[in-house]
Amino acid sequence: QVQLVESGGGLVQAGGSLRLSCAASEQTFSTYSMGWFRQAPGKEREFVAGIARSGGNTAYADSVMGRFTVSRDNAKNTLYLQMNSLKPEDTAVYYCAAGPLPWTSDSHYTRPYFYRYWGQGTQITVSS
């Protein structure tokens, strides 16, 4: 059982930056594909960014491409999401997720079912 704890959320003005962290309980963190998702009120949970086990491959939703950067430090069992140029439409609860399967070419890693473990979420509110 992997426990994930997000931190770094909060209130920020449009154009500002935040950095989310996701600390994993398992020393086997490096064996998990990791992802960030978000869910706004009344909307479905959506993929934001993902990173392969080694950190060598990353992927982003079109809506955050060029503004967000996902990274991981396997030595610290921690996942990060650097968010720049934030917009009011980025307002949501952000979740990190861990999946035991490796990335494949079919982009399943963009889907919630790919991930087995989820954090409790952290609120990001971007004011205009």
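Sequential numbering from 1 along the given sequence is applied to the chain's residues. Quick caveat, the model's predicted, so the values are computed rather than measured.
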Run the side-chain contact (heavy atoms from CB on, under 4.5 Å) test on K76 and S21 for me, step by step, so that the C-alpha distance in whole Å, both residues' side-chain angles and the decisive distance to 0.1 Å come before the verdict. CA-CA 11 Å; K76 295 182 178 179; S21 298; over 6 Å; no
Please determine whether side-chain contact (heavy atoms from CB on, under 4.5 Å) holds for the pair L18 and Q82, giving the CA-CA distance in whole Å, both sets of side-chain angles, and the decisive distance to 0.1 Å. CA-CA 6 Å; L18 282 175; Q82 177 67 43; over 6 Å; no
Does the side-chain contact (heavy atoms from CB on, under 4.5 Å) test come out yes or no for W36 and C22, once each step is laid out? CA-CA 9 Å; W36 286 101; C22 172; 3.8 Å; yes
Take Y60 and V70 through the test side-chain contact (heavy atoms from CB on, under 4.5 Å) and record every step on the way to the result. CA-CA 8 Å; Y60 299 91; V70 61; 3.4 Å; yes
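Annotation: cation-pi pair R19/Y80 present, NZ/CZ under 6.0 Å from the ring centroid and within 45° of its normal. A cation-pi arrangement is present between R72 and F29 under the rule of less than 6.0 angstrom and at most 45 degrees off the ring axis.
Under the 4.5 Å side-chain criterion, counting only non-hydrogen atoms from C-beta, Q39 is in contact with Y95.
Rounded to the nearest 0.5 Å, atoms NE2 (H108) and CZ (F114) are 9.0 Å apart. T78 contributes atom OG1, which lies 12.5 Å from atom CG of L20 (distance to the nearest 0.5 angstrom). The structure places OH of Y94 at 12.5 Å from CD of E6, a figure rounded to the nearest 0.5 Å. Between L81 atom CG and S71 atom OG the span is 8.5 Å, to the nearest 0.5 Å. Here OG of S128 is found 14.0 Å from NZ of K87. Values are rounded to the nearest 0.5 Å. Put simply, CG on L4 and OH on Y115 are 11.5 Å apart, with the number rounded to the nearest 0.5 Å.
With respect to L86, the side-chain contact (heavy atoms from CB on, under 4.5 Å) criterion is satisfied by exactly one of V12, T91, V64: V12.
Looking only at distances, a side-chain donor or acceptor of S33 sits under 3.5 Å from a matching main-chain atom of L101. Put simply, the side chain of R111 never gets that close to the backbone of S107: no donor and acceptor are under 3.5 Å apart. Distance alone, capped at 3.5 Å, is enough to place a donor-acceptor pair between the N74 side chain and the R53 backbone. R38 places no side-chain N or O within 3.5 Å of a backbone atom of A92 that could act as its donor or acceptor partner.
For F47 and F37, the ring centers sit closer than 6.0 Å to each other.
Below 30°, between 30° and 60°, or above 60°: for Y109 and W103 the angle between ring planes is below 30°, a parallel geometry.
Scanning all heavy atoms of the two residues, the minimum distance from V5 to Q120 falls at CA-OE1, 3.7 Å.
The environment of CD in E46 is crowded: more than 12 heavy-atom neighbours from other residues, nucleotides or ligands sit within 6.0 Å.
Looking only at atom types and distance, the side chain of S17 has a donor-acceptor partner in the side chain of N84 under 3.5 Å away.
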